[in-house]
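Remarks on the structure that follows.
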Amino acid sequence: MTQLLIINPGSTSTKFGVFEDKRAVFSKSIRHDTELESLADLISQRPMRQKLICDTLSEQGIDLKMMDAIVGRGGLLHPLEGGVYVVNSDMIDDLESCKYGKHASNLGGILADAIARPLGLKAYIADPVIVDEMRPLARFSGWP
């Protein structure tokens with residue numbers, strides 16, 4: 001049996017769930033009505049969101065050490081094919097710097113890594129919001 005923590009940060013909420021194989025065993029959506037206003041930038045939201053996730057799971061008796069991996073929603077990166085990608089330092093740098101754009105989904109990989117790393121777990125992103133599978137010929141447009 002595979003256990004995953006899945007994290008989907010949005011502009012006004014943090015959604016997350018624990019899955020055993022394909023079955024959801026716990027899910028939660030936490031709205032952020034005023035908490036985000038006092039934070040300087042997108043990346044400064046990480047500690048607050050991470051604490052909410054970890055505290056909520058702890059209250060539910062869910063042990064993060066039992067996870068096989070942590071998966072975050074993919075953020076704004078360079079164009080990629082759909083799929084699952086291991087979070088690495090280059091990806092974290094791009095997400096934190098908002099090199100390819102500023103969006104709450106950038107926190108997906110950052111949160112996954114921040115939770116997974118101290119536990120010795122792998123962190124992944126899945127189907128980043130920038131998936132680009134267009135064939136090169138389809139990019140041509142206009143008149144000759």
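Only this structure's heavy atoms are used, side chains among them; waters, hydrogens and symmetry mates stay out.
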Worksheet entry | Ile30 with Ile7, same ILVMFWY side-chain cluster at under 4.5 Å |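 Linked, Ile30 and Ile7 end up in one cluster.
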Worksheet item: Is there a path of hydrophobic side-chain contacts, each under 4.5 Å between heavy atoms of I, L, V, M, F, W or Y residues, that connects Met67 with Leu119?
Response: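 In one cluster: yes.
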[atom1]-[atom2] distance between [X] and [Y], expressed to the nearest 0.5 angstrom:
| X | Y | atom1 | atom2 | result |
| --- | --- | --- | --- | --- |
| Met48 | Gln45 | CE | CD | 5.5 Å |
| Leu107 | Arg46 | CG | CZ | 9.5 Å |
| Thr2 | Lys22 | OG1 | NZ | 11.0 Å |
| Leu77 | Leu95 | CG | CG | 4.5 Å |
| Ile125 | Ile70 | CD1 | CD1 | 15.0 Å |
| Ile53 | Lys28 | CD1 | NZ | 12.5 Å |

With distance as the sole test, does [X] use its side chain to make a donor-acceptor pair with the main-chain N or O of [Y] at under 3.5 Å?
| X | Y | result |
| --- | --- | --- |
| Arg49 | Ser13 | yes |
| Glu20 | Met1 | no |
| Ser58 | Cys54 | no |
| Asn106 | Leu76 | yes |
| Asn8 | Gly10 | no |
| Asp132 | Leu80 | no |

Worksheet item: For the residue pair Phe16 and Phe26, does the interplanar ring angle fall in the parallel (under 30°), tilted (30 to 60°) or perpendicular (over 60°) class?
Response: tilted
Worksheet item: Residues sharing Val86's hydrophobic cluster, by side-chain heavy-atom contacts under 4.5 Å among ILVMFWY, directly or via others?
Response: Leu4, Ile6, Phe19, Val71, Val84, Tyr124
Where [X] and [Y] come nearest, the two heavy atoms and their spacing:
| X | Y | result |
| --- | --- | --- |
| Ile43 | Glu96 | CG1-O, 3.4 Å |
| Asn88 | Met91 | OD1-N, 2.8 Å |
| Ala112 | Gly72 | CB-N, 3.8 Å |
| Ala104 | Ser11 | CB-N, 3.5 Å |

Practice prompt. Applying side chain to side chain contact (heavy atoms under 4.5 Å, CB included), run through Ile110 and Ile92 and close with a yes or a no.
Written response: CA-CA 6 Å; Ile110 293 167; Ile92 294 292; 4.1 Å; yes
Worksheet item: Can you find a heavy atom in the side chain of His78 that is under 4.5 Å from one in the side chain of Ile130?
Response: no
Worksheet item: Taking C-beta and beyond as the side chain, do Pro9 and Arg73 meet within less than 4.5 Å on heavy atoms?
Response: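 In short, these two side chains touch, coming nearer than 4.5 Å.
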Item to complete: Start with the C-alpha gap between Ser44 and Asp41, add the side-chain angles, then the distance that decides, and say whether side chain to side chain donor-acceptor pair (under 3.5 Å) holds.
Response: CA-CA 6 Å; Ser44 63; Asp41 58 19; 3.1 Å; yes
Discussion item. Could you walk me through whether His32 and Leu52 satisfy the side chain to side chain contact (heavy atoms under 4.5 Å, CB included) test, starting with their C-alpha distance in whole Å, then the side-chain angles of each, then the deciding distance to 0.1 Å, before giving a yes or no?
Written reply: CA-CA 11 Å; His32 307 298; Leu52 285 171; 3.5 Å; yes
